[in-house]
Asker: 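Below: one structure in structure tokens.
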Amino acid sequence: MKYYLTTPIYYVNAAPHIGHTYTTIVADLIRRFKTMQGFEAVLTTGTDEHGQKVERSARAAGKTPEEFTTIIAAEFRQQWEKLGFKIDHFQRTTSPQHHKVVQGLFKRCLDNGYIYKSAYSGQYCFFDELYVSDAKPGDPCPDCGRPTETVTEENLFFKLSAFTEKLVELHEQNPDFLQPETRRNEVLSFLRQGLNDLSISRTTIKWGIPVPGYAPHVFYVWFDALTTYMSAVDGLDLWPADLHLIGKEIVRFHAIYWPAFLMAAGLPLPKRIYAHGWLLFENDKMSKSRGNIVRATPISDVVGIDALRYFLLREIVFGQDGSFSYDALVGRYNSDLANGLGNLASRTLTMIRQYRDGAIPAPAGAPAIAEQARETIASVIAAFERFEFSKALETLWALLSAVDKYIVEQAPWKLIKKPDAAATLDATLYTAAEVVRIATALLAPVIPDSTAKIWAQLGMSEPLESVRIDRLAWGQLAGGQKIGEVAAVFPRIDAGVAIPKMQELEIAETARQAALLGKAPSPPQDLIAIDDFVKVDMRVGVVLDAQAVKGADKLLHMKVDIGEAKPRSIVAGIAEAYKPEDLVGRKVVIVANLQPRKLRGIPSEGMIVAASVEGGKPVLAGFHEDIPVGARLK
Ligand code: MSP
């Protein structure tokens, strides 16, 4: 049985970043999962290469659209290869074969009476030579801010309005067609307002697929782009797709336009659309203008692609927005992979090596763990089916914790010393190894590289990817099987080393991609290295004395003990915010290694740390918990 799934095809006017990678990781996971369920799973991704914006990006880069799109499409393809994704079809909208399928789809819609010519009015920026969709007359151009002008041209229209009822019916009767539920509700309420017909061609744009029989019309981007899902597998008997994975911002195109085009052409509809949320960077939406876009390869180069895959799938509830941060990535890796799965696997295998000469004991297991494992297999598979990845991983980690606890209780290191405890020791080791095997198989779609290593260490002969995940059962690990060589699969990551390294590579990667796009690299952010930060010696101090400074309304003169032989004399501009008597005894933060200077003739041997907003009073930095004087801030 086949399972055909797709990612969006990505625009080539930007280079791949972690947002594109996120969707593609999930697609790769589902493809692997479906394969392990016995499906012939096929994944299509690709690049969306037509339209005005691409034409302009090419021009800005001093390239023809053909040259430019070839470079960026190759960049996407190479990234996915480097990250180890199993992609079956990488479709470019500039491929002649795609053109044929788009033109064929149009022909069917035309023959069925759903296409007509009419005048189209839209807002246009003459300076940028760009249509500004959803703009009203007089609205500014989002790129240059100049007022847009209304232009009218003859376009081909698709009778979208004719499908309002059918689309409402589709979404009402098939709650699974579009998920999550929030997206389905949005689409239904949009549909209930009625649909306008849709312009699907342009005559002012050159860089597009010619509409057959209507020169000089070319297809407007979405008619062209959506058809990729079919053109990529044309003639392969894979249509309709089982799943379109998309980000939430392109739901309308997929859940309204696309089914309408297919209905008009008399072709089968995709079975399911799933729209996930946005990946934010440290709680801010990633965007080019904020300059906070992160790329995947610098991360995978330092901590491995599995660390990123695990983090994104465990940390973010699929379907909702979620945040990426380097700290959280390293934190998750260390707690769940290094200390969790990695530690369990190496500890179990090392004991089997030491106590049982590297041979798995005969099947016998702790009944409670075996039962939990059976339940875990069923619920992890069910959660994967519902795309509840974080829940699946949470359930699996509960099993890992239960085994950890069980090992500690059984204490194999004590059992080995008791001659009459051999059977108990066997059962303990078998239980732990069997959980490692089951967890490894269930995790193979999520962290394929690392699970393959653990699988080999367990001494399994069957390749991991050919394991039937739906036939996993307790007790299949063969007694007597010789384990492989044991090595740490998830070495602990030192955040202080790994994070600056990732940030450094990220800067280099940004510059490399900017050059590919023909853009001047964005000005370097004023980031400082950790070495710069540690130069600042900040200490906890206590104010021993505070006095107003004569003739200076804003200044206070303090004596602050920072744990040295003699208190420091510090002059600070905080008199408007604090009374001297309120400061005595208060713990404060002092920058201790500033060059001393004199203010109003009084020596100031450091700076007191305070925060303020523009025009506001300073607020002294302090602590909620107690901390001794002299402690250093790091
Ligand atoms: N070319 C269209 C899609 C046509 S599909 C027939 C397009 N391209 S895009 O390059 O902008 O890619 C958008 C998709 O990339 C999103 O729908 C999502 O899958 C992924 N993401 C891009 N940035 C993202 C985040 N910050 N967060 C999550 N996913 C993101 O739209």
Side-chain angles (χ1 to χ4, degrees), residues 5-30 43-54 57 69 72-73 75-76 79-80 85 89-94 98 101-102 105 133 178 183 200 208-209 219-233 241 243-259 261-262 270 273-296 308 312-313 315-325 387 513 517:
L5 78 160
T6 64
T7 73
I9 50 161
Y10 305 113
Y11 287 133
V12 289
N13 49 355
H17 60 66
I18 196 172
H20 308 117
T21 311
Y22 179 48
T23 316
T24 318
I25 284 178
V26 175
D28 178 77
L29 183 170
I30 297 173
L43 168 59
T44 283
T45 186
T47 37
D48 195 351
E49 305 188 13
H50 288 125
Q52 241 178 323
K53 284 197 178 160
V54 173
S57 301
T69 54
I72 309 299
E75 170 71 7
F76 272 95
Q79 289 264 321
W80 302 157
F85 301 149
H89 300 280
F90 187 99
Q91 180 74 327
R92 298 181 55 187
T93 55
T94 44
H98 171 72
V101 178
V102 173
L105 184 74
S133 47
L178 171 65
R183 304 291 159 233
I200 59 157
I209 303 177
F219 286 102
Y220 191 51
V221 280
W222 283 96
F223 195 91
D224 165 357
L226 289 159
T227 310
T228 309
Y229 300 141
M230 275 172 65
S231 74
V233 294
L243 173 68
H244 291 322
L245 269 181
I246 57 170
K248 65 180 181 183
E249 78 291 352
I250 51 177
V251 164
R252 211 172 277 179
F253 304 101
H254 284 78
I256 296 178
Y257 296 2
W258 184 224
F261 297 159
L262 292 167
I273 299 167
Y274 196 97
H276 64 69
W278 278 338
L279 203 56
L280 314 170
F281 183 67
E282 289 171 349
N283 294 321
D284 236 352
K285 183 171 188 306
M286 277 190 207
S287 75
K288 273 194 268 182
S289 54
R290 284 198 180 90
N292 64 354
I293 291 177
V294 181
R295 273 137 273 261
L308 180 62
L312 293 174
L313 291 155
E315 194 85 359
I316 301 169
V317 175
F318 193 59
Q320 296 176 14
D321 290 352
S323 250
F324 173 84
S325 82
F387 304 151
Q513 289 189 339
L517 291 160

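Worth knowing before you read on, the calculation uses all heavy atoms, side chains too, and leaves out hydrogens, waters and symmetry mates. Order of appearance sets the numbers: ligands from 1, and atoms from 1 within every ligand.
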Asker: Only counting residues at least two apart or in another chain, list the ones meeting side-chain hydrogen bond (donor to acceptor under 3.5 Å, both in side chains) with Ser323.
Answerer: Asn283
Asker: Identify, for atom 3 (C) of ligand 1, the protein heavy atom at the shortest distance, and state residue, atom and that distance.
Answerer: Ile9 O, 3.2 Å
Asker: Would you confirm whether the ring centroid of Tyr257 sits within less than 6.0 angstrom of the ring centroid of Trp222?
Answerer: no
Asker: Quick check on contacts: which atoms of ligand 1 are under 4.0 angstrom from a heavy atom of Trp278?
Answerer: 27 (N), 28 (C)
Asker: Just say parallel, tilted or perpendicular for the rings of Phe318 and Phe387, cut-offs at 30° and 60°.
Answerer: perpendicular
Asker: For Gly247 and ligand 1, does the shortest N/O to N/O distance drop below 3.5 Å?
Answerer: yes
Asker: May I ask you to identify, for His254, whether its side chain, its backbone, both or neither come under 4.0 Å of ligand 1 on a heavy-atom basis?
Answerer: side chain
Asker: Looking at atom 26 (N) of ligand 1, what's its closest protein heavy atom, distance included?
Answerer: Leu279 O, 3.3 Å
Asker: Is there a donor-acceptor pair under 3.5 Å between the side chain of Arg92 and the backbone N or O of Phe90?
Answerer: no
Asker: For atom 13 (C) of ligand 1, what's the nearest protein heavy-atom neighbour? Residue, atom name and distance, please.
Answerer: Glu249 OE2, 3.5 Å
Asker: Could you find the nearest protein heavy atom to atom 6 (C) of ligand 1 and give me its residue, atom name and distance?
Answerer: Tyr229 OH, 3.4 Å
Asker: Taking only heavy atoms of Ala225, which atoms of ligand 1 are found under 4.0 Å from at least one of them?
Answerer: 6 (C)
Asker: Does ligand 1 have an atom under 4.0 Å from some heavy atom of Phe253?
Answerer: no
Asker: Looking at His89, His98, His254, which hits ring pair (Phe, Tyr, Trp, His ring centres under 6.0 Å) with Tyr229?
Answerer: His254
Asker: Compare Gly322, Ala14, Gly19 and give the one whose heavy atom is closest to atom 30 (C) of ligand 1.
Answerer: Gly19
Asker: Flag the pair Phe76 / His20 as yes when their ring centroid distance falls below 6.0 Å, and as no otherwise.
Answerer: yes
Asker: Using heavy atoms and a 4.0 Å limit, tell me yes or no: is Trp258 in contact with ligand 1?
Answerer: no
Asker: How about His244 and Tyr274: are their ring centroids closer than 6.0 Å?
Answerer: no
Asker: Is it true that a side-chain atom of Thr7 and a backbone atom of Thr23 form a donor plus acceptor pair closer than 3.5 Å?
Answerer: no
Asker: Could you establish whether Ile250 and ligand 1 come within less than 4.0 Å of each other, counting only heavy atoms on the residue side?
Answerer: yes
Asker: Indicate whether any N or O donor in one side chain lies under 3.5 Å from an N or O acceptor in the other, for Ser231 and Gln91.
Answerer: yes
Asker: Short list, please: which atoms of ligand 1 are under 4.0 Å from a heavy atom of Gly277?
Answerer: 28 (C)
Asker: Please confirm whether the backbone N or O of Trp278 pairs with a side-chain atom of Asp321, one donor and one acceptor, at under 3.5 Å?
Answerer: yes
Asker: Hey, looking at atom 7 (C) of ligand 1, which of Tyr11, Tyr10, Phe281 has the closest heavy atom?
Answerer: Tyr11
Asker: Which residue owns the protein heavy atom closest to atom 29 (N) of ligand 1, what's the atom, and how far is it?
Answerer: His276 CE1, 3.3 Å
Asker: Using a 4.0 Å cut-off to any heavy atom of Thr23, which atoms of ligand 1 qualify?
Answerer: 18 (C), 19 (O), 20 (C)
Asker: For Asp48, counting its heavy atoms only, list the atoms of ligand 1 lying under 4.0 Å from any of them.
Answerer: 1 (N), 2 (C), 4 (C)
Asker: Which protein heavy atom lies closest to atom 23 (N) of ligand 1, and at what distance to 0.1 Å?
Answerer: His17 CE1, 3.4 Å
Asker: Between Thr47 and Tyr11, is the side-chain hydrogen bond (donor to acceptor under 3.5 Å, both in side chains) condition met? List the steps.
Answerer: CA-CA 6 Å; Thr47 37; Tyr11 287 133; over 6 Å; no
Asker: Which is closest to atom 4 (C) of ligand 1 by heavy-atom distance: Phe324, Tyr22, Trp222?
Answerer: Trp222
Asker: Look at the rings of Tyr10 and Trp80 and say which category their plane angle falls in: under 30° parallel, 30 to 60° tilted, over 60° perpendicular.
Answerer: perpendicular
